[in-house]
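Only one structure is covered here, and it is reproduced in the block below.
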Amino acid sequence: MKELFSKQTQAIFYNLHPEPIQHMLDYDWLCRRENPSIVAIVHKGSSGLHKAFFGSSEILIPVYDSIAEACKNHARADVFVSFASMRSAFVSTKEAILQDSIRTVAVTAEGMPENQTRELIRLAKLNNVWFIGPATVGGIKPGSFRIGNTAGSIESIVSAKLYRPGSVGVVTVSGGMSLEMYHIISQNSDGVSEGIAVGGDTYPGTTLLENLLRLHSYPQTKMLVMLGEIGGKAEIEVAEAITSGKITKPIVAWVSGTVASQFNSEVQFGHANARSGNDQESAQAKNTALKNAGAYIPKSFNELGKTINDVFTKFVLSDKEYKEPSQISPQLSTSFRRPTSIVSSISDDRGAEPLYNKKEISSFVSRSIGFLLNQLWFKGKLNKVGEDFLELAVKLMADHGPAVATAHNAIVTARAGKDVIDSLIAGLTTIGPRHGGALDGAAKWMLSCDQRKISPREFIDEMKNKGELILGIGHKIRTSLNPDKRVLLLRKFAKQNLKATRYLNYALAVEQETLKKKNNLILNVDGATAAIFLDILKSSRFTQTEIEEIVDAGMLNGLFALSRSIGIIGHALDQKRLKQGLYRHAWDDILYM
């Protein structure tokens, strides 16, 4: 059977729980893994980056809104570690099981309804996915991989020698008792090869026997240790497997709960399945059945360590040599970790040559401004058509004459004796939904209409009922008979370079409806730029979520601000070159009330 975990295992972590995430990364560092085991985090309603430590260095782990998106971007990640709540565990685990790339799921949630667990077990077997849990801490592959909080603190892990592989495969019901078992085994053998806690629910995702058989098939596992508990028949299945010859390697076993015989009535212990029912499910009966089958059973739990040592000495006696650490690496101490204040992923000036998106600045000299914007704004994910469009947009929106608000404010400021920077700032402050800042707003309604599948007429009626303007529609002086040349050039670019113009087509359909009311209610340069750029993003390597994030972040308004800054600076310099004096508005251009 293929091993579930290795030193190269990559995992997707469900729900943004910083502590268990950091615990897994600390274990990676202790085991001297080259790369962190967690490559992605899924947190519904969120996206971006999560800062964590790998040793003493900070790393950034991408956060996704959906499991499907995380799996698509990290196809090598075949383990799904779920810290979902009881309420969301079923839906999220089911989605993970159905992903082609996921081969192992571990679910920590407690209290999952039994019918849901049974459905997940059925789906997991159908899709060849190994299911650990629910209600489990998970498991650990010493020297390779750790699930969540398995085995406790780094100090406990070092004490139990779980930073390197041993020869003993361990399967327990209880997650809490698994750490105790690891310590006992470390003191009486060469250590654990892999440990799994199946969880205490009535229907575990994979049983004691299934996990024992899996560990039994691994050459590095020389002996097995099982810790069961009162209730159910899982341990009887193990006894039958020993009798039938499915398990041939030496196995030490103990079934806890022998104290139940001291009570006159049925006793329910901590786990759902741990209850003293009929005599066949008692701890004594199962210990006896395991002993009769050939397992090595101590007289009591207190003698478990001695029994493990006896079996290890007789059958294994490992000659492995390990370089034991003298102490925990100081780099894992929080006192050696200093969280950074700023995160930057677009540039780096620490080397001999500054870098833009990990590329030497000298490589940009012969490239277009569109290429530069792509690297700094989109991390290079935009296609060549997108780069060309950015450059075209910068050129077309750089200036629109001295009468518009951005230029007018800059002119007045420059004539007041202020410098170019102050004049630029004064001009930029006028950018908003009524002037130049409508690109983001236009893109948002286009995305919304597309998602809701409403017609242009329905959208217009909706906006009318709200009493809101349609951003990207309308012009002060241009009409359908006297169109804006900039919009014509943008549409020509789209026709020549794009195979699909879904958003532009919708925007033009809205324009046809608004023109029925007034001939200046045309698709303006803001609306055209927004629509075409959405089409470009759709044709590039961007998901729908990423497109929405780009719009929400204000990228399109940023494009207008970048472009119009060229014209604003030009007007400020022009006023200084012409030596224009302090501006005062003419009285006859003011209506005094």
Problem set entry | Test: D310 and K314 ion pair at under 4.0 Å | no
Problem set entry | Pairs meeting criterion side-chain hydrogen bond (donor to acceptor under 3.5 Å, both in side chains) with involvement of residues 68-82, two or more places apart | Y64-H74, E69-T543
For this session: Sequence neighbours left out, what pairs pass side-chain hydrogen bond (donor to acceptor under 3.5 Å, both in side chains) with at least one residue falling in residues 237-252?
Result: H216-T248
Problem set entry | Electrostatic pair K444-E548, nearest N-O below 4.0 angstrom | no
For this session: Under the side chain to side chain donor-acceptor pair (under 3.5 Å) rule, collect the residues that match up with D28, sequence neighbours excluded.
Result: S37
Exercise. Got a sec, which pairs hit salt bridge (charged side-chain N to carboxylate O under 4.0 Å, His left out) with one end in residues 45-59, sequence neighbours left out?
Worked result: K51-E58
Exercise. Which residues satisfy the side chain to side chain contact (heavy atoms under 4.5 Å, CB included) test with A106, sequence neighbours excluded?
Worked result: I132, I147
Seminar exercise, completed: Applying side chain to side chain donor-acceptor pair (under 3.5 Å) to S85 and not counting sequence neighbours gives S88
Seminar exercise, completed: Applying side chain to side chain contact (heavy atoms under 4.5 Å, CB included) to E34 and not counting sequence neighbours gives none
Seminar exercise, completed: Sequence neighbours excluded, the answer for side chain to side chain donor-acceptor pair (under 3.5 Å) partners of K44 is none
For this session: Can you run down the salt bridge (charged side-chain N to carboxylate O under 4.0 Å, His left out) pairs that involve residues 94-112, sequence neighbours left out, and say none if there aren't any?
Result: none
For this session: For R122, check side chain to side chain contact (heavy atoms under 4.5 Å, CB included) against everything at least two apart and list the hits.
Result: E119, L126
Exercise. F542: what forms a ring pair (Phe, Tyr, Trp, His ring centres under 6.0 Å) with it, not counting sequence neighbours?
Worked result: none
Seminar exercise, completed: Residues passing the side chain to side chain contact (heavy atoms under 4.5 Å, CB included) test with E180, sequence neighbours excluded, are M177, I184, F301
